[in-house]
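Computed from a predicted structure; not experimentally measured.
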Amino acid sequence: MIEVEVHQQLRQLLRQSPEALWPHQLTMARMVARGLRLGRSTLIQVPAGGQHRLSYLLPALMWPNPTLLCATAPVQAQILGEEIPWLQHTLQLHKPVLQKDRWPDPDFQGLLLVDPLDWLQARLRKGSPEVPTGIPLILDGAEDLEDWAYQALTVTLEASHWQQLRQIFPAEAEQLSQVQVNLSLQLLRRPLSRCLLHADEQVHLDAVLSLVTGYPGWLPDPWDQIRRRLSSEGDPVSKWIWWAETDRETGRLTLHHSPAALQDWLAPIWATQPVVIIGEALDLDRQAETYRRRLGLPDLTPLRFASGEGWPRSGGAELSLYLPRLPLPNSPLFQDHLLQELKNLIPQAQGFVVVLVSDQPLQAQVGAALAAEFGSRVRVNSPFPGEKGILVCDWPYWLHHKAGLPRPELMVIATLPFPSVEDPRVAGRVQYLQRTQQDWFRQYLLPVAAAQLQRAVAPLRQGSDSGEDSSSSTRWVAILDSRIIARSYGVSLLNALGPTLRVEQRSQLFV
């Protein structure tokens, strides 16, 4: 069986190359090989760092049948430049490996690397390059799968698309221009530049959409995609949301048509092929039921490896958690207490410091206050100035760049990373869950916040560099949002962070 062959080859490889050791390498490799052999779908939660890639690359290269691997461009570059050549040379593996956006040939029996967004568009949109169904899929980076799916399913209307429509319907050109102007003026009065369309705003679109859906002739994209969506069976109003972006300087309006939820659109995909879905911090529990429900995943074999599991304690950093009691973030006193706490905490750290602030006005104020106190060490959403830098950034910036930054000695979390309902995509999902009488907080906001926390602190749990002094290996996470200790859901978030040494007095830090 391929599980036995993979196990033997990998064990021999790890003996020759101990630098590739990860405690769960053999377990995960057997699980992936078993999924390929049986055609059984699997969901695997892994720690940060990419050390798990060997566990799916070796089964994919040893499996004699065609295999599809979805990974982002940076991951593909590393796989093709380092890991696959090393495996092919060391183990004399000869399976063809290609990197394309479509299946190369019906008789292709190799490993195809494809970008996840290209693959999703091929599955979700007609007319995109097709990949045959039934071929086993390995998808790495599933923590971003929801974002990729929303990108693939979102249709965007720019000013040029309105011009296209006026050319197709010259008799209605003046009416179309008036709709565009009225909608722009109304949305520019809204306080936020990104917002859901209200019912009175969407009324402006109704005449345009009726014109589009009733037209039997050819329409260019994206109008044709919208026509097909609104003409499909069922109740389209409950399945889709309209949201807008406005540029106040130019008056430009961009409209987006996005799904209210993903499960109805993704569920048919998983039925067409066996999948091995691999991601970092996907859910609060090992079964990942909430994540699977949001993505429409079927019953599958779940497996989870938590950060730091299996490593000797001497080989990695000890994670300590500081939870002071500050005014709640919605209090007018919060900002002053936050800044004072930061000014007391940061001087005690000798290395790299990260301060996570989601709210943009607050982020700017924190950056300015810390720059006045610590000078050129401080950067806001930009590369850090040296090993002792202070990076003030939002969550997306840190999660995107953390792999290329030093391991922080101190991470300060100003507020918990709950998705903001000011984001129209979040608001649309919350409204959908409310309409369908689901617990929108515990099924959506809470698990997303927990996953963000786990991913953010993961670099602090990774093993120390070989040249790092083990006596300074303690890493601190300070959460200054007191909801984590004042609200009942805080227990779930603390559990998501994993084992920590918790302190409540600042005097106990860095001792």
Side-chain angles (χ1 to χ4, degrees), residues 121 124-128 147 149-262 264-265 360-361 420-432 434-435:
Q121 288 173 338
L124 294 169
R125 292 183 178 176
K126 294 181 179 179
S128 296
D147 289 338
Y150 272 101
Q151 289 181 55
L153 283 164
T154 294
V155 172
T156 298
L157 293 176
E158 303 277 4
S160 60
H161 300 132
W162 289 86
Q163 179 61 28
Q164 286 179 336
L165 207 60
R166 286 192 287 269
Q167 292 171 350
I168 295 172
F169 300 102
E172 290 82 10
E174 184 176 349
Q175 177 188 357
L176 292 171
S177 296
Q178 193 61 47
V179 168
Q180 188 180 4
V181 169
N182 291 340
L183 191 58
S184 299
L185 291 175
Q186 195 163 350
L187 288 168
L188 284 168
R189 299 190 191 104
R190 299 275 290 272
L192 298 176
S193 60
R194 304 171 76 225
C195 54
L196 275 179
L197 263 63
H198 292 160
D200 59 331
E201 295 160 344
Q202 196 162 326
V203 165
H204 293 292
L205 277 176
D206 287 345
V208 177
L209 297 178
S210 297
L211 189 67
V212 168
T213 55
Y215 183 63
W218 176 86
L219 285 176
D221 281 337
W223 294 108
D224 184 53
Q225 293 183 51
I226 292 175
R227 174 173 62 181
R228 284 188 275 111
R229 288 180 177 184
L230 299 182
S231 302
S232 62
E233 296 180 0
D235 179 13
V237 175
S238 65
K239 294 181 178 181
W240 303 97
I241 60 170
W242 282 101
W243 58 283
E245 290 181 282
T246 53
D247 187 328
R248 299 187 185 281
E249 293 184 1
T250 63
R252 186 180 64 182
L253 168 67
T254 304
L255 292 176
H256 304 276
H257 195 236
S258 300
L262 292 173
D264 291 342
W265 315 108
Q360 294 301 314
S420 173
V421 291
E422 291 184 350
D423 184 328
R425 294 165 297 182
V426 174
R429 278 179 268 184
V430 168
Q431 290 180 8
Y432 170 81
Q434 289 173 332
R435 285 197 304 269

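- Leu253 pairs in a side chain to side chain contact (heavy atoms under 4.5 Å, CB included) with only one of the listed residues (Leu157, Val181, Leu183), which is Leu183.
- Taking the side chain as every heavy atom from C-beta outward, Leu165 and Val212 approach each other to under 4.5 Å.
- Residue Glu174 places its CD atom among 12 or fewer non-hydrogen atoms of other residues, nucleotides or ligands, all under 6.0 Å distant.
- Looking at every heavy atom in both residues, Ser420 comes nearest to Val426 through O-CB, 3.3 Å.
- Applying the ring pair (Phe, Tyr, Trp, His ring centres under 6.0 Å) rule to pairs touching residues 191-223 yields Trp162-Trp223, Phe169-Tyr215, sequence neighbours excluded.
- Contact detail for Leu188 and Gly251: the closest heavy-atom pair is CD1-CA, 4.2 Å.
- Taken to the nearest 0.5 Å, the CD atom of Gln180 stands 9.0 Å off from the CD atom of Gln163.
- With Thr213 contributing its side chain and Ser210 its backbone, the two residues share a donor-acceptor pair below 3.5 Å.
- No side-chain donor-acceptor contact under 3.5 Å links Arg228 and Gln225.
- Counting heavy-atom neighbours within 6.0 Å of Gln434 CD, excluding the residue itself, gives a total above 12.
- Nearest heavy-atom pair, Arg190 versus Cys195, reported as atom, atom and distance to 0.1 Å: NH2-CB, 3.2 Å.
- Heavy-atom minimum distance, Pro222 versus His161: CD-CD2, 3.4 Å.
- Atom CG in Leu176 sits 12.5 Å away from atom CD in Gln164 (nearest 0.5 Å).
- Side-chain atoms of Arg229 come within 3.5 Å of backbone N or O of His257 as a donor-acceptor pair.
- For the atom pair Thr254 OG1 and Asp247 CG, the distance stands at 8.5 Å (nearest 0.5 Å).
- The shortest side-chain heavy-atom distance between Trp240 and Pro259 falls under the 4.5 Å cut-off.
- Put simply, CH2 on Trp243 and OG1 on Thr156 are 7.0 Å apart, with the number rounded to the nearest 0.5 Å.
- Taking CD of Glu201 as the reference point, atom CH2 of Trp242 lies at 13.5 Å (rounded to 0.5 Å).
- For Arg252 (side chain) and Glu158 (main-chain N/O), no donor-acceptor pair under 3.5 Å exists by modelled atom type.
- Heavy atoms only, all atoms of each residue included: Ala173 and Arg166 are closest at O-CD, 3.6 Å.
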Practice item. Walk me through it: do Gln186 and Asn182 pass the test side-chain hydrogen bond (donor to acceptor under 3.5 Å, both in side chains)? Key: CA-CA 6 Å; Gln186 195 163 350; Asn182 291 340; over 6 Å; no

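- Scanning both residues, Ile241 and Pro424, for their nearest heavy atoms gives CD1-O, 3.8 Å.
- Atom CG of Leu187 and atom OG of Ser193 lie 11.0 Å apart (nearest 0.5 Å).
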Practice item. Begin from the C-alpha positions of Leu153 and Leu262 and carry the test side chain to side chain contact (heavy atoms under 4.5 Å, CB included) through to its verdict. Key: CA-CA 9 Å; Leu153 283 164; Leu262 292 173; 3.8 Å; yes

